[in-house]
Novice: 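Let me begin by handing over the structure; questions about it come next.
Every heavy atom of this structure was used, including side-chain atoms; hydrogens, water molecules and symmetry mates were not. This is a predicted model, so every value here is computed, not measured.
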Amino acid sequence: MEEPFLVQTTDYKPLNEGSLAEYLSAIPSVAELLGGSPDDWRVREVGDGNLNLVFVIEGSSGGVIVKQALPYMRLVGESWPLPLERSYFESLALAEQARAAPGSVPRLFATDRVGAAVVMEYLQPHVILRKALLQGRHLPLFAEHMARFLAESLFKTSDLYLTADRKKSLMQKFCANTELCKITEDLVFTDPYRISPGNRWTSPQLDDDAAAFRADAPLKAEVQALKLKFLTSAEALVHGDLHTGSIMVTDEDTRAIDPEFAFFGPMGFDIGALIANLLIAAIAHRVHRQGALGDAYRTWILDQAELVWTGFATKFQSLWETEATGDAFTAELFEDPAGRIALGRMQDRYLADLFADTLGFAGCKMIRRVLGLAHVEDLESIADPDLRAAAERKVLALGRRLILKRSTMTSFNDVLYAVEEIDL
Ligand code: SR1
Ligand code: MG
């Protein structure tokens, strides 16, 4: 993998349409990729996420994306400061994910640690997966691609693949991404279950539901058990925010973007994030498009959620068969027939535990998108508040079920069964 150019900025300044051409002209490989004169480069700001500035710059021969962190949360404003260093963690994560799962993330051209910017591949004609799902697009390969991305990026940054010294030195690089982890700890695992200034929900329709979740002691205990896992289980380098807005797609290609929340955490957090957002999309779709076509597309989305899990499990297991070079489950101990049988059983148990984690984290991610600070377009774009609240209530019920029943749900069929019971 080509190493990214290191931009030597001496102080942080927010970039803008006026300053970007000069900024990029100092990066030889990027200037060459854009082509022509910097005076002719076209710049536009396209960021629609919660946190950052995102620019597209196009020249006569190509385009790049520049993503720059702001020192505060874009969604909320300057009253919520955020560390600029998250941009550096994003570039580190992109580099590691490219190594582990080649072709699954945008190419990284340059990193500017002080300027908090990353210059990367302009993906086109890609669109954000969430938007494609809202449009009812069938994407023939995305589930297979994401299953591969998840299996490779998680397996190859885990102790199953890395030696302990290599894993620990990689962990060290990411362990300072504490403030972004804290956002997740609060917004996903804590705030939806207490009165918190950022929380919002469709009101008054869901007022009683929100109060019931705040009072649901068994649920809160399970969510805190999942939070503890998030805080302590450094299983692999996780993307940390793998919802359908963090994936770009065409019919042929799929890329995971925006890994600024990356850290060493539980694998199920990434798999669960994607499955949660697909389940939300499936529930919302029936409201957006009623009738047979809506039902058929909802089934397609649910099929993709199942394929993500089954494809992941198959690929992960095959990596474990062929590339178990790490210090966990030392391969040499299991070479004889009895060893192979024992290891096979252990692999089944590992995947069963990971499935339970996946469902638990998926449930937490579903609930936070209804009761917490940051919501999702799938539900927000349902204009009628009664219809929206009805769909959100189903998301809450399904999320709660996944959390509470995660250890007894042994196959994806159990998830599909729960969906059909709740989303009649
Ligand atoms: C206010 S930041 C909220 C959310 O945006 C990001 O995409 C993460 O999901 C974070 O929790
Ligand atoms: Mg993001």
Novice: Are any side-chain N or O atoms of D270 and backbone N or O atoms of H239, one a donor and one an acceptor, separated by less than 3.5 Å?
Specialist: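 Yes; judged by distance alone, with no hydrogens or angles, the pair exists.
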
Novice: Looking just at side-chain N and O atoms, do T250 and D253 make a donor-acceptor pair shorter than 3.5 Å?
Specialist: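 No.
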
Novice: I would like to know whether I257 and I128 meet side chain to side chain contact (heavy atoms under 4.5 Å, CB included); could you show each step before the answer?
Specialist: CA-CA 10 Å; I257 64 168; I128 294 287; 4.1 Å; yes

Novice: Less than 3.5 Å apart, any donor N or O on the side chain of K227 or T190 sitting next to an acceptor on the other?
Specialist: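 Side chains of K227 and T190: pair found under 3.5 Å.
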
Novice: So, R368 side chain and T184 main chain: donor-acceptor pair closer than 3.5 Å or not?
Specialist: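 No, the answer is negative, given that no donor and acceptor are paired below the 3.5 Å cut-off.
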
Novice: What distance separates L53 CG from K67 NZ, expressed to the nearest 0.5 Å?
Specialist: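 Reported value, rounded in 0.5 Å steps: 10.5 Å.
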
Novice: Do R130 and H243 have side-chain N/O donor and acceptor atoms under 3.5 Å apart?
Specialist: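 A donor-acceptor contact under 3.5 Å links the two side chains.
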
Novice: What verdict does the salt bridge (charged side-chain N to carboxylate O under 4.0 Å, His left out) test give for D357 and R406, after you've listed the backbone C-alpha separation in whole Å, the side-chain angles of each residue and the deciding distance to 0.1 Å?
Specialist: CA-CA 7 Å; D357 286 358; R406 66 189 186 283; 5.4 Å; no

Novice: Taking all atoms of both residues into account, what is the closest heavy-atom pair of V370 and H375, and its distance?
Specialist: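 The pair with the smallest heavy-atom distance is O-CE1, 3.2 Å.
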
Novice: Any idea which heavy atoms bring N52 and L70 closest together, and the distance?
Specialist: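 Shortest heavy-atom separation between N52 and L70 comes out as OD1-N, 4.2 Å.
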
Novice: Aromatic contact between F263 and F174, with the criterion being ring centroids under 6.0 Å apart: yes or no?
Specialist: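 Ring-ring flag for F263/F174: false, centres at least 6.0 Å apart.
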
Novice: So which of D186, L180, T178 actually passes side chain to side chain contact (heavy atoms under 4.5 Å, CB included) with K182?
Specialist: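 With K182 as partner, side chain to side chain contact (heavy atoms under 4.5 Å, CB included) holds for just one option, D186.
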
Novice: Does S61 reach the main-chain N or O of L34 with its side chain, forming a donor-acceptor pair under 3.5 Å?
Specialist: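 The answer is yes, because a donor-acceptor pair under 3.5 Å joins these two groups.
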
Novice: Got a second to check how far F149's CZ is from L242's CG, nearest 0.5 Å?
Specialist: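 Here the rounded value is 6.0 Å.
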
Novice: Any Lys/Arg nitrogen of R369 or D378 sitting under 4.0 Å from an Asp/Glu carboxylate oxygen of the other?
Specialist: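 D378 and R369: not salt-bridged.
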
Novice: Is there a donor-acceptor pair under 3.5 Å between the side chain of S104 and the backbone N or O of A101?
Specialist: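 Checked: pair present.
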
Novice: Does one side chain, of W201 or D207, offer a donor that lies under 3.5 Å from an acceptor on the other?
Specialist: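 Result is yes, a qualifying pair exists.
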
Novice: Please determine whether a side-chain nitrogen of the Lys or Arg among E58 and R44 lies less than 4.0 Å from a carboxylate oxygen of the Asp or Glu.
Specialist: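 Salt bridge between E58 and R44, a charged N being under 4.0 Å from a carboxylate O: yes.
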
Novice: Does any donor atom in the side chain of D112 or Y23 lie under 3.5 Å from an acceptor atom in the other side chain?
Specialist: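 Checked: D112/Y23 side chains pair up, N/O donor to acceptor below 3.5 Å.
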
Novice: Over all heavy atoms of both residues, which pair between M267 and S158 is shortest? Give the atoms and the distance, please.
Specialist: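 Residues M267 and S158, closest heavy atoms: CE-CB, 3.6 Å.
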
Novice: Rounded to the nearest 0.5 Å, what separation is found between the CZ atom of F142 and the CD1 atom of I247?
Specialist: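 Spacing of CZ (F142) from CD1 (I247) equals 6.5 Å.
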
Novice: Does a side-chain N-to-carboxylate-O contact under 4.0 Å join D386 and R388?
Specialist: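 A salt bridge is absent here (no side-chain N lies under 4.0 Å from a carboxylate O).
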
Novice: Quick one: does any side-chain atom of S246 pair with a main-chain N or O of D258 as donor and acceptor, under 3.5 Å?
Specialist: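 Not at all, since once roles are kept as given, no pair shorter than 3.5 Å links the two residues.
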
Novice: Ignoring hydrogens and angles, tell me if any N or O in the side chain of Q68 forms a donor-acceptor pair with the backbone of G115 under 3.5 Å.
Specialist: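 It does hold such a pair.
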
Novice: Does E152 come within less than 4.0 Å of R148, counting only side-chain N to carboxylate O?
Specialist: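 Looking at E152 and R148, the cut-off is met.
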
Novice: Is the side chain of D191 donor-acceptor paired with the backbone N or O of G198 at a distance under 3.5 Å, no angle test?
Specialist: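 Side chain of D191 to backbone of G198: no pair is present.
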
Novice: Before giving the answer on ring-ring contact (aromatic ring centres under 6.0 Å, His included), spell out for F189 and F230 the whole-Å C-alpha distance, their side-chain angles and the decisive distance to 0.1 Å.
Specialist: CA-CA 9 Å; F189 297 106; F230 181 87; 5.2 Å; yes

Novice: Could you point out which residue of L108, V7, V30 forms a side chain to side chain contact (heavy atoms under 4.5 Å, CB included) with V119?
Specialist: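 With V119 as partner, side chain to side chain contact (heavy atoms under 4.5 Å, CB included) holds for just one option, V30.
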
Novice: Counting only N and O atoms by type, is there a donor-acceptor contact under 3.5 Å from the side chain of D414 to the main-chain atoms of T410?
Specialist: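 Here the side-chain-to-backbone pair exists.
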
Novice: According to the ring pair (Phe, Tyr, Trp, His ring centres under 6.0 Å) rule, which pairs have a member within residues 45-89, sequence neighbours left out?
Specialist: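 Non-adjacent pairs meeting ring pair (Phe, Tyr, Trp, His ring centres under 6.0 Å): zero.
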
Novice: Are the side chain of K220 and the backbone of R214 linked by a donor-acceptor contact shorter than 3.5 Å?
Specialist: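 Side chain of K220 to backbone of R214, a donor-acceptor pair under 3.5 Å: yes, one is there.
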
Novice: Near E420 CD, under 6.0 Å, is it more than 12 heavy atoms from other residues, nucleotides or ligands?
Specialist: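 Yes, enclosed.
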
Novice: Kindly determine whether W320 and Y161 satisfy ring-ring contact (aromatic ring centres under 6.0 Å, His included), including the steps that lead there.
Specialist: CA-CA 8 Å; W320 199 338; Y161 179 77; over 10 Å; no

Novice: Do the side chains of D295 and R289 get close enough for a salt bridge, i.e. N-O under 4.0 angstrom?
Specialist: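 Salt bridge absent between D295 and R289.
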
Novice: For E96, is there an ion pair with R99 - N to carboxylate O distance below 4.0 angstrom?
Specialist: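 Answer for the salt bridge query: yes.
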
Novice: Just by distance, do the side chain of W309 and the backbone of A147 share a donor-acceptor pair under 3.5 Å?
Specialist: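 The answer is no, because no donor-acceptor pair under 3.5 Å joins these two groups.
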
Novice: Less than 4.0 Å between a side-chain N and a carboxylate O, is that true for E179 and R86?
Specialist: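 No.
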
Novice: In terms of side-chain geometry, is the basic nitrogen of E392 or R200 positioned less than 4.0 Å from the acidic oxygen of its partner?
Specialist: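 Here E392 does not pair with R200 in a salt bridge, since their nearest N and O are not under 4.0 Å apart.
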
Novice: Is it true that R137 and D251 make a salt bridge, defined as a side-chain N closer than 4.0 Å to a carboxylate O?
Specialist: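 Yes, R137 and D251 are salt-bridged.
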
Novice: For H138, give me all partners under ring pair (Phe, Tyr, Trp, His ring centres under 6.0 Å), at least two apart in sequence or on another chain.
Specialist: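 Expected list: Y297, W300.
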
Novice: Is any NZ, NE, NH1 or NH2 atom of the basic residue among R74 and E45 found under 4.0 Å from an Asp or Glu carboxylate oxygen of the other?
Specialist: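 Looking at R74 and E45, the cut-off is met.
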
